[in-house]
Amino acid sequence: MSDFSYDVIVIGGGPGGYVCAIRAAQLGLKTACIESRGSLGGTCLNLGCIPSKALLQSSHLYEEANHHFAGHGIKVDGLKLDLKTMMGRKNDVVTQLTQGIEFLLKKNKIDYLKGFGSISRTVTGAHEVTVKPGGKGKAQKYTAKNVVIATGSEVTPLPGVEIDEKKIVSSTGALDLAKVPKSMVIIGAGVIGLEMGSVWRRLGAEVTVVEYLDCILPPMDAEVRKQMQRILEKQGLQFKLGAKVTEAKASKTGVSVKVESAAGGKAETLKADVVLVAIGRRPYIENLGLDNAGVKVTDRGFVEVDDHFQTNVEGIFAIGDVIGGMMLAHKAEDEGVVVAESLTGLTPHINYDAIASVVYTWPEVAGVGKTEEQLKDAGIKYKSGKFPFTANSRARSNGESDGFVKILADAESDELLGCHIIGPAAGDLIMEVSVGMEFAASAEDIARTCHAHPQLGEAVKEAALAVDKRPIHM
Ligand code: FAD
Ligand code: NAI
């Protein structure tokens with residue numbers, strides 16, 4: 001049995017799982033990582049973050065060449081879209097990166113167990129995990145002192161709308177369409193809806209987004225939501241807010257979609273070549289053997305954990321999308337590191353307030369910490385400083401001046417409480433505020449840090465100065 005026993009077995013090779021495995025191995029623990037999909041990297045590398053960003057980049061370049069090069073004095077004749085090459089490039093990026101993770105596991109002497117893992121029996125100090133390879137492979141049992149569940153999430157289905165990944169697609173199908181649809185209806189104005197909607201609109205589809213709530217990107221700061229909606233509408237996305245889809249039926253000629261007001265009432269029928277269902281994701285715990293182990297889940301199916309990511313069963317932990325909260329790759333990674341380090345007696349911490357969310361539309365949207373609405377609800381007194389990219393010389397030089405930076409700081413102590421950005425490279429710009437928040441910095445600390453010129457980051461400094469009502473360039 002000794003060859004098959006580990007200090008840690010991680011079930012799931014996504015950003016949560018593989019990062020946890022690497023950190024555990026770095027700390028000297030004998031580690032295995034089980035993955036069933038045939039390649040490492042999870043949803044993020046295979047069907048999420050990476051392929052979507054590859055298509056966002058390619059479609060952005062196409063849009064630039066189509067609509068913006070001329071303003072720079074660059075004329076392009078005979079511009080043509082080669083979707084097959086664009087998709088091929090996206091697939092190549094995915095393959096290179098997923099193989100890179102396999103290399104990292106080898107380098108760290110982690111056993112990569114290919115197959116579907118389930119907890120078959122549990123005793124304190126030695127949990128038993130069975131791995132079933134695909135096809136006719138024989139199941140193998142392993143034991144581990146600690147098991148980390150990192151099985152991620154799957155698409156939330158919508159009753160009355162059956163996904164076939166051809167005409168009615170989830171994000172998976174939307175990342176792999178063989179031709180540009182003339183028209184596309186997207187259900188859900190969240191992150192996937194806006195990112196994939198941007199890709200296909202740039203490539204030529206007429207896109208209508210149906211959203212149940214009366215705003216897009218519901219968790220974001222309200223000012224950001226409103227301005228972003230205007231920017232996306234100007235680009236050509238159409239929104240039907242406060243509306244729900246009650247049925248979508250695919251036929252040879254396309255899909256007919258029944259839409260009515262969220263409050264109910266008379267339905268209208270939209271016609272589309274393709275419908276994308278993007279109403280959120282739910283935890284993936286199928287056949288994982290949680291019952292065998294006695295692991296508790298919440299009423300929404302998320303694995304329940306304590307502050308140290310331990311489930312109610314000693315030695316069984318869970319991280320990433322499967323425990324809920326922000327469903328983000330970097331959040332899953334950090335939770336993986338915390339579990340691995342806790343197992344070796346270190347005392348890591350995770351500060352969810354300093355974890356940024358980024359939407360990779362153009363311009364990008366990024367947020368960290370509290371929104372103005374959350375601060376008002378909590379009765380926290382705050383100061384706000386805002387700076388528009390129209391007043392930033394680099395954004396003007398680049399011809400990309402939509403958006404603003406807004407910094408929120410405590411009214412008395414000036415400590416950073418949040419930052420919200422719409423703008424070019426907002427996802428990169430926000431990181432200086434995340435670092436500041438990790439160190440309990442004040443807005444004044446950012447305002448007094450010399451920012452290189454001419455840089456987009458000067459807008460962050462100016463927003464910090466604006467907190468104290470002393471911006472220079474506005
Ligand atoms: P996952 O990445 O889902 O990995 C879980 C893995 O476990 C899977 O590979 C699965 O096959 C495997 N597995 C499940 N059960 C078993 C089992 N029993 N045995 C063996 N293996 C099993 N997040 C960002 O931060 N930035 C982005 O830009 C971004 N873009 C996204 C775009 C799209 C279209 C989607 C769908 C998601 C995106 N996300 C993004 C979210 C991100 O992908 C997830 O938050 C992240 O992948 C969660 O990591 P995880 O390790 O918890 O789970
Ligand atoms: P989401 O939670 O971001 O958005 C879902 C949207 O659908 C919400 O606005 C919700 O109000 C709406 N909705 C729910 N039910 C509906 C209905 N019946 N009809 C109409 N609208 C409805 O979920 P999404 O976009 O599916 O993404 C899933 C997860 O993937 C997110 O949690 C996100 O964190 C992650 N992701 C992250 C990305 C990033 O970090 N850039 C990119 C893509 C996904």
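We count ligands from 1, going down the list as the structure has it; atoms in each ligand are counted the same way.
- Geometrically, K132 does not engage F116 in a cation-pi contact, judged by NZ or CZ lying under 6.0 Å from the ring centre and within 45° of the ring axis.
- With a heavy-atom cut-off of 4.0 Å, L217 does not touch ligand 2 at all.
- Counting heavy atoms closer than 4.0 Å to ligand 1, residue C44 contributes atoms from both its backbone and its side chain.
- For the residues I319, N287, D321, the heavy atom positioned nearest atom 52 (O) of ligand 1 is part of D321.
- The residue from C33, C49, G48, S52 that puts a heavy atom closest to atom 42 (C) of ligand 1 is C49.
- Distances from ligand 1 to the non-hydrogen atoms of R281 include at least one value under 4.0 Å.
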Next on the checklist: side-chain hydrogen bond (donor to acceptor under 3.5 Å, both in side chains) for S153 and D321? Distances and angles first, verdict last.
Outcome noted: CA-CA 6 Å; S153 61; D321 281 9; 2.8 Å; yes
Item to check | E128 vs S120, side-chain hydrogen bond (donor to acceptor under 3.5 Å, both in side chains): CA-CA, chis, key distance, verdict | outcome: CA-CA 6 Å; E128 185 184 83; S120 31; 3.1 Å; yes
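- In terms of protein heavy atoms, atom 34 (O) of ligand 2 is closest to M327 O, 3.0 Å.
- Protein heavy atom at the shortest distance from atom 29 (C) of ligand 2 is R281 CD, 3.9 Å.
- Between E195 and ligand 2, at least one pair of N/O atoms sits closer than 3.5 Å.
- At under 3.5 Å, not a single nitrogen or oxygen of L328, backbone or side chain, sits near a nitrogen or oxygen of ligand 2.
- The part of S153 lying near ligand 1 is the backbone, judged by heavy-atom distances below 4.0 Å.
- Considering only heavy atoms from C-beta on, M437 comes within 4.5 Å of V433 through its side chain.
- Atom 16 (C) of ligand 2 has I279 CG2, 3.4 Å as its closest protein atom, hydrogens excluded (heavy atom only).
- Looking at K53 against ligand 1, only its side chain comes within 4.0 Å, counting heavy atoms.
- Considering all non-hydrogen atoms of both residues, G115 and I34 come closest at O-CG2, 3.3 Å.
- No part of M326 comes within 4.0 Å of ligand 2, judged by heavy-atom distances.
- The residue among G280, A262, G190, S153 with a heavy atom at the shortest distance from atom 24 (P) of ligand 2 is G280.
- Closest heavy-atom approach to atom 53 (O) of ligand 1 within the set A356, S171, G152: this belongs to G152.
- Residue-level proximity to ligand 2 for I192 is carried by backbone and side chain together, each with a heavy atom below 4.0 angstrom.
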Item to check | Step-by-step side-chain hydrogen bond (donor to acceptor under 3.5 Å, both in side chains) determination, Q140 to T130 | outcome: CA-CA 6 Å; Q140 178 65 55; T130 303; over 6 Å; no
Next on the checklist: Let's go through F309 and F317 carefully: what are the C-alpha distance in whole Å and the side-chain angles of both, what is the deciding distance for ring-ring contact (aromatic ring centres under 6.0 Å, His included) to 0.1 Å, and is it a yes or a no?
Outcome noted: CA-CA 5 Å; F309 304 104; F317 299 80; 8.7 Å; no
